[in-house]
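None of the values given here were measured: they were computed from a predicted structure. The sequence lines fix the lettering, A, B, ..., with proteins before strands; numbering per chain opens at 1.
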Amino acid sequence: MLPVFPEVTLFVQCMVDAMAPEAAMGMVRLFDRLGIATSFPEDQTCCGQPAFNAGYRTASRKSAMHFIQVFENAECIVCPSGSCVAMVRHHYLELFADDPHWLARAKKVGGNIFELTEFLVDVLHISDVGAAYQGTVTYHDSCHLLRSLGVGRQPRELLSHVRGLTLVEMAQSDRCCGFGGTFSIKYPDISTALVADKVERILETGADTVVGCDMGCLLNIEGYLTRMGHPVTVKHIAELLAP
Amino acid sequence: MIQNHRASFINRVRQSLGPDIGPADVRRARIFPETSEKVSQNLLQAVQSRAPKERETLLAMLMDQAGPLHLHVTPVADPAEAAQQIAALVRQKNPEWGEKKSLIRWSHPLLDALDLESVLADQHIPVHTTAMDSQADLQGQRQLIRENTVASFMGITAADYCVADTATIVMKTHPHQGRAVSLVPSVHVAVITIDQILTNLTELYAVLDDEKNTPENGLTHHMVFISGPSKTADIELTMVHGAHGPKEMHIFVIRA
Amino acid sequence: MDDPFTTEKYTAKSRQAISDKRLQGALADVQARLGPATQTMYSAQPEGAGIRQQAHEIRQRCIENLDILLEALADKVTGNGGQVFFANDAEEAVSCCLAVAKKHGVKTVVKGKSMVTEEVGLNQALEAEGVDVAETDLGEYIIQLAGEKPSHIIAPAIHKTREQVGQLFAEKLGIDYTADPAALTQAARAVLREKFLAADMGITGCNLACAQTGHITTVSNEGNIRMTSTLPRVHVAFMGMERVVATLKDHDILFRLLSSGAAAQKLGGYVSYVGGPGPEDYPDGPVAFHLIIIDNGRSRMLADPAFREMLCCIRCSACLNVCPVYGKIGGHAYGSPYSGPVGAVVTPLLAGLNRAQDLCFGETLCGACKQACPVDIDLPRMLRELRFRLAEGDETWSATPVSKPEKFAMDTFAWFTSHPAAYRAALFSASRMQALVYAKEGPIRQLPGPLAGWTRSRTLRKISSRPFRSQWKSRKQPS
């Protein structure tokens, strides 16, 4: 028996919205299949993470306040991005540390937001979504998802129940891919060295597909794979769970 | 001599801690508690009331931990056997610097009881000690002890404690016990008794904490923990024993 | 005085390191050996997973009572016949050491590895006074002979191969060439033994200090620090003021964690407690002991609640062994005695934020360092804090905003994110605009302006012609 949720409010990370809509559509299909109603507040934009990590807190607060206004009445927010959830759940507290009014509102929103795989496995207690995928898959642990939210077991559990899918772990799956937001723009040489290592680890597995839960990392990995001409498909986990 | 800024230095630290830190004497009492906690009392109790069987378990644990550290631990029945074992080592080993074999040892009741001087007489090995005569020329004695320590290929010490879990011997620096004896010679031999073995560092620190206020047992100006021979991995992380200190270390544990 | 920092060369030196194949191998090796092993050691502690937080609390409590602990330490050491000198900055610390050397007629010095002496530029100052200084940690000795700087806090010569060390020793020590680490170690052992025996003064750092009993502690595996603090007649110890802890028992957990963090050991091979000079009627040990306690910018960190936590650091280097960025660029790129994640935070605070801005921004915020830290220091939080001060400017640290264009870009983006209609319009027009600039098919191969670096090695997906929000509108509702 599933716990009864009146509705899941979708927060579709700005990068997914713009560049990987199929991941968010996968998430929608997934909830449709599970019989869970979804809503999408159209006024949503960005959680403010890029500015926050780059040090521009005044700018970040502006985005964060907007986010809070849009989502503060939602009972259950689900997002297909670990780092955005970490931003809302943990870093909003830093951002509004000296503003009790906004801090209280931030805490409320922070308590209601979940990353997709965390929501499926820990909240809904579902590890088999009835998906099938023919292929050998390797999983990349995104840093904030793994270290700030402690989510690593959940996506693996979901993948292990996908019919036809063979999961092959890469070495150092929890090593940073070198994205790091503005880091990859300001320090392209270091970032490239890191993504090159990541891709090497991926290729070592012989997997035909690399899966993750954060679009930033995935675009970075995909960008290097494509440029180097390696025929490995990059997929957000939602695309794979509900093709 | 240049100006020492202690007062202003401390004051700046205090200012930096902010206005809400509270009065210094209150904080002092809180951070240096007078009485030791119950946990430590229980640990001390455990150390003092240890049964012979438990001591044997600790010895076994020490030997297990010592192996990977290239630290040789040998149980012996009594001081005489320890002396024989040391004599065998002396016969086996060659000096690293120079040709002549000589030993340096602490002046310590347990080591005196080994009577190494007689045991090694047939090998014609001189055994020097680090005993000091407080009435005679101190500087001259120190100079001679230094020369003897440098010339010796083996140094023999006792210890205050031995920690099984980390394979560590603990030596406070007492009179007549040269610090360099466990450091400068190529081989270090420590002779301890089984009742000196403690379980782990937590037990050790409970014991040290308990002793710190009794001057005769207390921490002197110097103390050292040694867990195996000197080692380095500074060249391509390749482990090499004998970087600066002893290349080899032995502990003889007297069971009786 | 020599400037110990060359933080401005971060990007150039990173590039150099990344293209050095041998260095890449060495860095991968040190991280593979020490990184995962450290984690295993932590979880094997009887206290369980919470031990790092426990250690953090110990350190935090000590830092919050630093005034009291420093006074107690100084009183005890002085009571034991030692001299304690409080140095406000690097210059005072160095002049104090020079004065001690002069007073004791010191001509030769042996040194144990100490980051804080690198920080104050001690060696150059001693050498300028005609004092012969020998580093004695094998790694430090190698780089001293090579005229280089340490590239790792614990393994300073990790960037050198055995062949390079072999050539260096053949050239500088006049021995036959060998690339065998054991033979090379033996060669250094012989040379340094003579130096230890001849030295007038030994200089060490401190790993910790104990206020309650009045001791400084040093940890080493080679035994060089014991030699340095035992054989010469004068021992001078340098201590960053934050190293002191309150009680003997605080050492239990901290030494276990320091040893795990530094070298995946249960306990370092030699741990020494030094509380003062040896009495004259003892057989050996220095007859003079000087402790130099250094501020050099640390009280500023103490005064800023955002950075106070940095003073909990015990300089074990565990964070270096897991940091993906350190694993690529090595220690030299940081241009400071403190490299890796710890260096990225502490160096800007010592050298100046603007000067060391690349160290603040040139990290991925992946969080591996926090997880590896034996005292659970939130290094990523402090990196973000440094970025904040640099992005928006900060008076206390005399930081000026780093980039007007970037600030403008962020402010503009923030404006759009808080005006949803404008945001939507921008998204759709960007989607259409890119069709004019880039080829119809396939991803973007070259981004414009400051974004160009990204696409040097990577392609980028285009903004979808049908972003999610438009697909959502037209989706079929489930029946």
Undergrad: Walk me through it: do H221(B) and Y282(C) pass the test ring pair (Phe, Tyr, Trp, His ring centres under 6.0 Å)?
TA: CA-CA 11 Å; H221(B) 61 281; Y282(C) 275 52; 5.1 Å; yes

Undergrad: Do R12(B)'s NZ or CZ and the ring of F9(B) fall within the cation-pi criteria of under 6.0 Å and 45°?
TA: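 Yes; both conditions hold, so R12(B) lies above the ring face of F9(B).
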
Undergrad: Which region of V240(B), side chain (C-beta onward) or backbone (N, CA, C, O), has a non-hydrogen atom less than 4.5 Å from a non-hydrogen atom of chain C, or is it both or neither?
TA: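 Just its side chain gets close to chain C.
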
Undergrad: What part of L197(C) gets closer than 4.5 Å to chain B, counting heavy atoms only: side chain, backbone, both or neither?
TA: both

Undergrad: I need the R189(C) CZ to N224(C) CG distance, nearest 0.5 Å.
TA: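 So the CZ of R189(C) and the CG of N224(C) are separated by 12.0 Å.
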
Undergrad: Which answer fits T168(B), side chain, backbone, both or neither, if we ask what part of it has an atom under 4.5 Å from a heavy atom of chain C?
TA: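 The answer is the side chain of T168(B).
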
Undergrad: With only heavy atoms counted, which part of P229(B) is less than 4.5 Å from chain C, the side chain, the backbone, both or neither?
TA: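 Backbone only.
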
Undergrad: If we ignore hydrogens and angles and just use 3.5 Å, is the side chain of D250(C) paired with the main-chain N or O of T247(C) as donor and acceptor?
TA: yes

Undergrad: Does any heavy atom of chain C fall under 4.5 Å from the side chain of S182(B), the backbone, both, or neither of them?
TA: both

Undergrad: Okay, side chain of S16(B), backbone of R300(C): is any donor-acceptor separation there less than 3.5 Å?
TA: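 Checked: no pair found.
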
Undergrad: At a 4.5 Å cut-off on heavy atoms, which part of H176(B) comes close to chain C: side chain, backbone, both, or neither?
TA: backbone

Undergrad: Which bit of A190(C) comes within less than 4.5 Å of chain B, counting heavy atoms only: side chain, backbone, both or neither?
TA: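 Both parts, heavy atoms under 4.5 Å.
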
Undergrad: Does any heavy atom of chain C fall under 4.5 Å from the side chain of S107(B), the backbone, both, or neither of them?
TA: neither

Undergrad: Under 4.5 Å from any heavy atom of chain C, what part of D165(B) do you find: side chain, backbone, both or neither?
TA: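 Its backbone and side chain both get close to chain C.
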
Undergrad: Indicate yes or no: does D209(B) engage K212(B) in a salt bridge with an N to O separation below 4.0 Å.
TA: yes

Undergrad: Under the criterion side-chain contact (heavy atoms from CB on, under 4.5 Å), which of I154(C), T136(C), T218(C) is the partner of K113(C)?
TA: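 Among I154(C), T136(C), T218(C), the one meeting side-chain contact (heavy atoms from CB on, under 4.5 Å) with K113(C) is I154(C).
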
Undergrad: Is D234(B) salt-bridged to K160(C), going by a charged N under 4.0 Å from an acidic O?
TA: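 Here D234(B) does not pair with K160(C) in a salt bridge, since their nearest N and O are not under 4.0 Å apart.
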
Undergrad: Could you check which of Q15(B), R30(B), Q65(B) has the highest count of heavy-atom pairs closer than 4.5 Å to chain C?
TA: Q65(B)

Undergrad: For the interface with chain C, which of H222(B), M239(B), Q141(B), R14(B) has the highest count of heavy-atom pairs at distances below 4.5 Å?
TA: R14(B)

Undergrad: Quick one: which of L71(B), T166(B), T202(B) has the most heavy-atom pairs under 4.5 Å with chain C, could you say?
TA: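 The option with the most such pairs is T202(B).
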
Undergrad: Side chain, backbone, both or neither: which part of E236(B) has an atom under 4.5 Å from a heavy atom of chain C?
TA: both

